[in-house]
Structure formats: structure tokens, C-alpha cells
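Basis for what follows: all heavy atoms, side chains included, without hydrogens, waters or symmetry-related copies. Each chain gets a letter, A, B and so on, in the order its sequence line appears, and its residues count up from 1.
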Protein chains: 4
Amino acid sequence: MTTPRTPDSTRRSERSRRAILDAALELVGETGYQKLTIEAIAARAGVGKQTIYRWWPSKASVLLDAFLALGEDAAQGEYELPDTGDLEADLKSVLRATVDELNSPVYDAPARALAAEGVVNAELGAQFVSLVLEPQLQLYVKRLRAAQEAGGADPGIDPRIALELLVGPLAHRWMLRTLPLTHEYADAVVELALRGIAPR
Amino acid sequence: MTTPRTPDSTRRSERSRRAILDAALELVGETGYQKLTIEAIAARAGVGKQTIYRWWPSKASVLLDAFLALGEDAAQGEYELPDTGDLEADLKSVLRATVDELNSPVYDAPARALAAEGVVNAELGAQFVSLVLEPQLQLYVKRLRAAQEAGGADPGIDPRIALELLVGPLAHRWMLRTLPLTHEYADAVVELALRGIAPR
Amino acid sequence: MTTPRTPDSTRRSERSRRAILDAALELVGETGYQKLTIEAIAARAGVGKQTIYRWWPSKASVLLDAFLALGEDAAQGEYELPDTGDLEADLKSVLRATVDELNSPVYDAPARALAAEGVVNAELGAQFVSLVLEPQLQLYVKRLRAAQEAGGADPGIDPRIALELLVGPLAHRWMLRTLPLTHEYADAVVELALRGIAPR
Amino acid sequence: MTTPRTPDSTRRSERSRRAILDAALELVGETGYQKLTIEAIAARAGVGKQTIYRWWPSKASVLLDAFLALGEDAAQGEYELPDTGDLEADLKSVLRATVDELNSPVYDAPARALAAEGVVNAELGAQFVSLVLEPQLQLYVKRLRAAQEAGGADPGIDPRIALELLVGPLAHRWMLRTLPLTHEYADAVVELALRGIAPR
DNA sequence: AGCTAATCGAGACGGTACGTCACGTCTTTAG
DNA sequence: CTAAAGACGTGACGTACCGTCTCGATTAGCT
């Protein structure tokens, strides 16, 4: 009988939207993802619960938006990997920066929450990958292609797989905390992987 | 005034323990981890809730035990990686088997649940690593050391890092479902990683 | 800075007013008073909620107006009780008509809703009494005074109390549905009450 | 799938039951029936909401039980109307007592709430009548029958209707507050009604 | 083999959060 | 420039589970 009713996004309150995203980030940092509740977000944001349910289907979804907003504030148009001509140096610098980001408390809590949710919830996972992860990975593809053309990498190699050799190990250590995630580790991974990627 | 009392494990009902672990595995497969509840496990197992709370501190902990039991049934003493002398062939065979396991529905749901929980819950994550993951990884270390001694791998390389070059990419694809996890991918990862690991 | 603003009743939309009253009557019949909501009335009437809040302070108040409109349509100037000179016959005819009205589905739902609200909400109750009930009761007073003057009723009796002996029992059966409300009952009440009212 | 599950009344907490009934009576007196909420009852009683929902289907139902408990405490086995041989005196004394009760703040709020709910909700109304009202009314029937046998009342009269002539007017004034409910009014009603009831 | 104490299935309890509904207010937009 | 449409903060709804707590009724290990 009563249709689900899609809300009118032109009437949306930007004020409330920001307050919700900010509150979500704050709370996930303070209490962790498991204890993060929609009610707490609403209370902290000074917003009715319905205003959250009107625009997002789940708390994971709120957090994804909050994380994207966080990224946009920070990124400020950094849509390229450095290309100094020295592939090894460039990759080391990028992976070291990634290590720093993953170790930074601001990114850590929401990123873990989203990654964990994505592991278990395919739909959210797909969004996380397409909105957050894949754009990053494409930068590697581009940089590796450039290296192949410049003769710094074996042209027979699939850059997609090469990139996973670089990123996979970092992700592995970060997600399950098997061993500490350091600059030295990033360097070691780059060195080892490049021995496989280098022209024969 | 009565002490918190630790339960007497000699009197523990093996019947109930099995029923609980089985129910947990069934339910995590049917409804997913988020919707898995202690009450549902108790009901399915025909057991009082207290019997679960008496022996486990959380649902993640129940699931970890259930997953370990699942592994023990299957493993049957396979505590070695094959060593035919051909490192590449051996690794391909092992990683292909891992791919099959990760793609199998029986392992997938509980393994994802535990991995996700471990991402976000450091304590459970540590248990997962030490009980499930690390024993597996040590097999790689052992095999790689053997290869180094036999001259099939560069002795200057840290086997721990080498192994992560093999396992990290697989884990990455599995956890976030970026791209399909296939035998071909396993082969490609082994080939590329071995170019880095091989003696110079 | 704008004053609370009293609405300008000359600009009021008669179209909306009727649609709201009609919708209120329809809905109270369909779903009952408890489930009657301002939002549903507005939706059914094709009217904004604010148009209701502008003109009425509560849903009970809307319903009171709707009920009054209903009465005006029906009454068409029947502002007298019949006076054939036979008090007993006149009262029986009036009370039988009242029984029919109370048993009619159209009047029943809104009348019950208002009566119930009036029981518990003194303000609305006072309005209900002064606008709906008291005018009716005054007709009885007038008819009984006429009978006293004509010698058909004891002049020593307070007509106000006499009337309540007639109306009270009907109201009692109707409100709490203790026993069926029939013409026979109306007749029996009139006969018994008149034995008390008659001249000695 | 999941059966509605009827709770086991032998395990019921008497402590909680009393606390809930007491809280309901207190709150209905303080804030009125409309503003009475299950949540407030639970909070005041120091009880989980589910404990209310487990045992009662609605707030009206809680209040009915609370009112019955109130009655039981007060009544202490007064299961008879006085019979001094003087019908008029006995009825006046009883109706005066009823007037006092209806005017007492302790009874007023819950009684109004239940009466109002019963007007609009047939199911609750039937319970209210059979548990609260009808037992009272039967006492009148009994007393009137005794009077008929003793020659103090016309044996041709239906006691059920006679009683409604006594009780109906009181109820009418109480429910809609048309005019004040006083001892004088009770006396006047008895006198007038008895003129109809008396032997010819 | 019988006693006795702990574990067991069951589920009521005080709570927290869920996701929904309606309230009454306020703002935006179309006629 | 009125009013429909409807987003908003608020708060109660009734439900689902949480983790704790009592209940008898089995067990299982010790006398």
C-alpha cells in the first residue's frame, strides 16, 4: 500500500549530513565499530535517527560516506603516483606513505571497520572496492605501464598482478596484524617484487 | 560472596560442545555472521544459553573453535608442504589448493567471519593468527628455507617476506573480492614472485 | 521576528476544510480512533499537514468539528422534541430515535471517539458537552417543563434530574456495551422513569 | 517458524508484577492516560520493557490489572450491599459512597482511562465490564430482588433496568462532567427512581 | 551402588539498540 | 503569496538479543 517513498535530495540538510559523517568518524575512533550505534551517531550529531535512516541503509554505509569525505578533504587532487623515472624509489616512497596512513589513528579505525564489513558483506565490499580501493590501484597500473614503456619493467608482465604483489603483502600485515607494518617492510617488499618485475 | 567460579572442564558435556560448534557453523553459513546470534546457536544446538556463556566469551570465540574443529577434521595430519625438489611446481600446487579452499562454501563463511572480526577486534585477531594462520605460514618458511639450502632460492632473502609475496595477493583478492580467485591467478603470482626469489 | 501569527480566516480554503472533515470521518470509521493520525487525514484529504495544524489544535478537535458538520447536515432544524400532549409516547419516540442513531455505524465511530476523548480530556469534554450534548438535553428540559405545566408531570421535580433518569441508562449501555441497546429497552426506561416523574 | 511462545507463569517475578502495577497507577495519576507510556512504566518500575510486553498485550491491559489490584486491596470482602430493610436509605448510602469514590483522585484517573478505552476498544471494554462493572451491578440486582420479596419494590419490575436508572445517571455525570457529582444528586436520583420502583 | 555436587536445558529478567511511525515545526517549491 | 509537499528533531513503539540469574532434572565422579 504505502510506497517506500524515496526522499527528495534537493531538500536535504547539508548541515545534518556533515554532522552525521563527523559524528560517525569520531565515534568509530572512540568506541570501535562494534559498539558504534546509529543512536549514538544521531545523538552526537544532534539529529533524529530517521534522518540517518532516510539517507543511508546501514551504519556501514554511513561510515563509507564518512570515509570518502575524509579522503576528499585530504587528497586535494593527488591523482597521480610520482614518476621520477626511478621506479624503485617512486614505489618505496608511495608504499612508505601508505604505511604511514595505515598506521595513523585517524584512518585506522574507520578503514578497518569498512574493510571488515566488506569482508563479510559483499555489497558493501563492492562499494568499498569501487569507490576507495580501485581508484588507488589504478594509479599503480598507470605507473607500471609507464615503467614498461620506459624499459624499467618487463613488458610481458600483467601490471595488475604486479601491483598486487606490492599491495597484497602490506594489506595482509595491516588487516590481521601478523607483524609490524614499517618503512623497512615496505622497502623490502618493493625490492623483492621489483626483482620479479624488472626486465630480464 | 561466591567466587566467579571457573567451570569444571572434566564434567563438560562433549555432546553439547559438538552440537554448539556444529550449530555455529551451520548458522554462519545460512544467515551470515552479522545475523548470527548466541540465542540462535543455543536454540539450534538444543542447549541452554548459559552452556555457551560458560565455556566461551563471545560468539567470535565460538566460531573460532568451530573453525578449528573443522580444520582438524580435514587436515588429518597434513603438516608439511610438498617438497618434490621443484619449488615452482610445489608452490603452485599448494596455492591452487588454497584457492580451492577459499572458494569452497563450507570454509568461506566462517573464515570470512573470523577474518573480519579479527580485522576489527585485535584480541580475536591475535588468536586467529596464532591458531590458524601462523601455523600455515610456518610451513612456507620451512619449505622456502629448504629451497634456499638446495640452491633453488636466493639465500639472501628473508623467507618471511617472500612468503607474504605469495600469500598476500591471494588474501587480498579473497578478502575484498577485487577480482576472481583462480588457479591461473595462483600460477601467475607464483611465477612472478619466484622471479624475485630465485637465485641471481 | 514574525509573530506567532493567527491565521486569517477569511482566506481559508473551504475546499480543504471539507476535505479534512470528510477524511477524518472516513478514517475514524475505517481504522478506529486510536489509529487515526493527522498524517493520514492530511494524506487522504490531499492537504498539507500544516493546513490542519493551522486551524485545529488536535485530532480530537478536528473530529469534533467533523461530527458537528455531520450533525448539521442531518438535523436540518429539528430543534424541538415532539409535543403531542402524550409525554410517554413522545419520549418513547425520541429515545427510540436516539437508540437508532447510536446503533448506526456512521455515528457510532466518531461519537465513541469523542465521548472517549472527553472522558479523559476535560477540555475537549467540555466542548463536546456544550456543543453537542447540552443542546440536546435542553430539549428534554423544555419538553418536561411543558408537561409539568400541562399537569402531565409532577411540578415538584427537577427536570434536569428527570432527564438524566431517561438519558443516563441509554448512555450507560451504549458507552460500555453492557447489554444491547434496543427499542424495547428505551420503552422500558421511559415507563419506569415516568412512574417516578408522574404527578402523585 | 518462531512460535509466539507463551511465557511460563510459574517463573514469573511477583516483585516486578507489583512494581509495574504500582508504577502504572502512579503515572496515570501524574500525567494522564494519553501521556502514559509503556517505557515510562518500565522505567518507573525498574523493569525491562519486555517484562511488560511478556505479560500484557497493551497499556490498557496493564492498567486494568492495576485497577483490579487497587480494588482488591480496598474491597476486603465487601461483597454485599447493605440491607437494613429500608431500601431508600440503603441505596442512598451506597450511591453516596460511589460518588465519593468517583470523586476521589486515586480512583478517578485510572477509572477514567479504562472507561474511555473501553468506549473505543470493544475487547478491553468487555473485560472492564465483566471484571469490574458487572460484579458491582449484580449486587444491586440482589438487593433489589430482596426488596421485591420483602414488599418494598414492585415485583413486576426488571431489577436490571431499575438498577440502570440508579447507576446510569451517576455514570453520565461522571464520565462527561456535565454537572457536579454530589451526595445531593445521589439522593435525588434515588428518590426519583424509587418512585418508579415502589409498589403501586 | 548410592550420594552429592556441578552441569545441563530452559527461560525470565533488566537492559540496549534496533528500525518504524507519528508528532508538531519549519522550509522549500509549484500553482 | 497561499498551501502542498515533505524534511527535520523528538520520542514512543514493539522486537530482538544481550549477558545474568534462577530453576528443577540429569549426570558423573567420589565415597
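Of the candidates F:dA12, E:dC13, F:dC8, the closest approach to any side-chain atom of A:Ser13 belongs to F:dC8. With distances taken from any side-chain atom of C:Thr51 to the nucleotides F:dA12, E:dG14, F:dA4, the minimum falls on F:dA4.
Separating the CZ atom of D:Arg54 from the C1' atom of E:dA12 is a distance of 5 Å, rounded to the nearest angstrom. Between B:Ile20 atom CD1 and E:dA10 atom P the separation is 12 Å, expressed in whole Å.
Residue-to-nucleotide proximity on DNA chain E shows that, of C:Ile38 and A:Asp8, the 5′-proximal contact is made by C:Ile38. Nearest-nucleotide positions on DNA chain E place B:Ala42 closer to the 5' end than the other of B:Ala42 and A:Pro57.
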Return the polar atom pairs (N/O with N/O) between nucleotides 2-5 of chain E and the protein under 3.5 Å, or none.
none

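Counting only distance, with no hydrogens or angles, the side chain of B:Arg44 and the backbone of B:Asp22 share no donor-acceptor pair below 3.5 Å.
Residue contacts for D:Thr10: at a heavy-atom cut-off of 4.0 Å it reaches no nucleic acid atom on any strand shown.
Residue C:Lys49 places no side-chain atom within donor-acceptor reach of the base of F:dG6, judged by atom type and a 3.5 Å distance cut-off alone. Under 3.5 Å, the side chain of A:Gln50 and the base of E:dC21 form at least one donor-acceptor pair of N or O atoms.
Atom-to-atom distance recorded for D:Leu27:CG and D:Glu30:CD is 5.5 Å, nearest 0.5 angstrom.
A cation-pi arrangement, defined by a distance under 6.0 Å to the six-membered ring centre and an angle within 45 degrees of its axis, is present between D:Arg12 and D:Trp56.
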